[in-house]
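Each remark here refers to the structure printed beneath this line.
Just so it is clear, the structure is predicted and the values come from calculations on it, not from any experiment. Atoms within each ligand, like the ligands themselves, are counted from 1 in listed order.
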Amino acid sequence: MASLFGSCEKNPQRSTRNVKGIVFMVADGMSHGVLTMAENFSRIVHGKGTRWWELINDPKSTRGLMETSSANSYVTDSAAASSAWGGGMKINNNSVNVRPDGTESIPIHRHLKKLGHRTGLVTTTTITHATPAGFAAVTHNRQDEHLIAPQYLGVVDILLGGGMKFFDPKQRPDSRDWLSPYQKSGYDILLDRDSLLNSKSQQVLGLFNDSHLPYEVDRINSAGLQSKTPTLAEMSEFALRHFLKADEKFLLQIEGGKIDHAAHLNDAAGLMWEQLAFDSALEKVLEMTANRDDILVVVTSDHGNANPGINGTGKNYTKTNEAFKSLTHMTASYESIINQWKKAPDNEQNLASLIEEKLGFKMSAEESTALHSSITTGKAIEWSDQLDNPNGLLGQFAGNHTGVGWTGVSHTSDPTMISAIGPQAQRFSGIVPNQRVHQDFIELLT
Ligand SMILES: [Zn+2]
């Protein structure tokens with residue numbers, strides 16, 4: 001595949017001087033349409049556009065397309081994609097740094113740690129999820145997050161995200177305690193937003209939920225979640241502040257991991273708020289590095305997902321903007337709506353009422369019956385296999401009001417956006433095969 005998209009040969013003209021650190025930001029599962037939708041959404045809710053949009057237009061930045069296929073599919077999963085960046089080779093989906101022949105790649109954070117550099121992983125998913133894992137862990141099956149949890153010890157200095165259940169002896173399948181070993185090695189264990197904001201530690205394991213962090217749309221609508229959960233921007237600021245102060249070189253990966261989750265659910269409002277949370281983190285990182293000439297910032301995504309976009313609605317598309325604006329009235333993620341409904345008596349009316357209350361539109365009687373049937377019986381009622389599930393149906397029903405359409409509920413093969421700014425940013429322009437990022441990072445930091 002690499003020969004189709006470009007050579008990986010080393011270019012002797014590329015100077016690696018002056019790179020003290022790299023911030024690698026991943027909007028997981030971000031299709032191109034998300035960028036446009038987020039630009040419109042941000043102008044409505046924040047009265048200004050997104051930082052990524054501005055970065056693309058900055059003459060000092062470079063831009064290109066990230067080629068994302070895995071060894072065994074045009075469509076990658078996050079494990080193979082992050083392993084390409086972290087381990088330098090295209091591998092099969094579902095593996096983390098294990099090649100198709102069974103041999104293992106050395107993840108980049110392990111390599112850099114041996115050289116005395118500093119390393120970090122920040123995410124809104126479990127810290128042991130595929131994208132962070134690709135930089136620091138090796139496992140045949142990405143689902144074995146309890147096997148990934150111990151692998152960060154002594155390899156990654158700053159770990160911030162969710163995933164307490166993979167460290168906590170009361171929740172692990174083998175009942176082993178992995179919190180104490182981290183603590184004994186000098187890691188500060190942080191469990192909520194306040195402890196993060198007050199921590200001065202150089203080594204941190206921040207686990208702010210048992211599983212993934214909550215959706216941003218749920219966090220901003222819940223005082224309880226806001227006091228417990230730091231934002232992606234706050235976690236990013238914490239990690240980067242430590243690395244900028246330290247003498248050593250560093251590589252920090254920051255992931256907006258639930259952009260991907262919202263896209264799988266065809267949850268357009270959820271997706272928009274996740275993308276804006278990621279954009280706030282990008283804004284913070286660019287602000288903190290603006291006066292530095294030794295920090296490279298690279299922003300990209302590992303793959304597209306469900307390819308959402310705004311379809312024009314109304315005669316001459318004049319209802320388009322108004323329809324899209326209705327997304328801003330949605331106050332809960334699909335996940336939290338379905339979870340809330342499951343706790344109430346199982347009936348169709350409760351489901352329809354909850355959707356009207358949280359999403360602001362009334363389903364037709366047919367839509368309501370179809371959605372209820374899909375959730376409770378899994379009955380086929382839709383021509384597309386991709387959309388024949390509760391998420392695909394609810395995405396389409398909401399789309400009748402918002403104008404947002406989806407191609408399915410899974411990852412896609414499209415190349416993703418890549419933008420870079422700082423020393424050596426030009427390496428990340430044109431078409432960039434995902435495994436080449438690894439080689440560039442190694443050259444720049446060693
Ligand atoms: Zn995904």
Side-chain angles (χ1 to χ4, degrees), residues 24-35 37-38 66-86 90-97 121-135 137 139 141-145 148 161-163 209 211-217 232 253-275 277-278 300-309 333-335 338 385-387 389-392 394-395 404 406-417 434:
F24 185 61
M25 301 193 63
V26 183
D28 200 289
M30 192 203 81
S31 294
H32 286 249
V34 176
L35 211 55
M37 295 199 312
M66 174 79 77
E67 184 279 316
T68 65
S69 63
S70 70
N72 64 345
S73 175
Y74 299 133
V75 177
T76 190
D77 72 343
S78 294
S82 186
S83 297
W85 295 328
K90 287 188 183 294
I91 62 169
N92 293 341
N93 290 346
N94 200 50
S95 297
V96 177
N97 288 313
L121 296 171
V122 172
T123 182
T124 48
T125 66
T126 56
I127 194 67
T128 45
H129 214 240
T131 302
F135 275 39
T139 177
N141 181 358
R142 60 177 286 184
Q143 310 300 335
D144 290 337
E145 293 187 57
I148 293 169
N209 206 6
S211 183
H212 308 304
L213 300 192
Y215 280 98
E216 179 70 1
V217 65
L232 185 61
Q253 185 206 85
I254 297 171
E255 184 202 23
K258 298 197 68 163
I259 295 165
D260 179 67
H261 295 189
H264 279 297
L265 295 182
N266 285 190
D267 178 351
L271 176 65
M272 289 297 94
W273 286 110
E274 290 305 316
Q275 185 67 26
F278 178 81
T300 190
S301 178
D302 51 355
H303 50 74
N305 189 341
N307 286 12
S333 67
Y334 287 7
E335 183 184 85
I338 300 299
D385 288 348
Q386 275 276 338
L387 297 171
N389 50 67
N391 305 328
L394 187 51
V404 176
W406 310 79
T407 60
V409 291
S410 61
H411 296 181
T412 58
S413 68
D414 315 71
T416 57
M417 288 291 304
N434 58 0

In terms of side-chain heavy atoms, does N307 have a donor or acceptor partner in S31 at a distance below 3.5 Å? yes
If we count only N and O atoms by modelled type, under 3.5 Å, do the side chains of D267 and H261 hold a donor and an acceptor together? no
Are the side chain of H212 and the backbone of T126 linked by a donor-acceptor contact shorter than 3.5 Å? yes
Donor on one side chain, acceptor on other, S78 and H303, under 3.5 Å: yes
Only counting residues at least two apart or in another chain, list the ones meeting side chain to side chain contact (heavy atoms under 4.5 Å, CB included) with A277. E216
Are there any protein N/O/S atoms under 2.8 Å from the Zn ion (ligand 1), and if so, which? D260 OD1, D260 OD2, H264 NE2, H411 NE2
In terms of side-chain heavy atoms, does N209 have a donor or acceptor partner in S211 at a distance below 3.5 Å? no
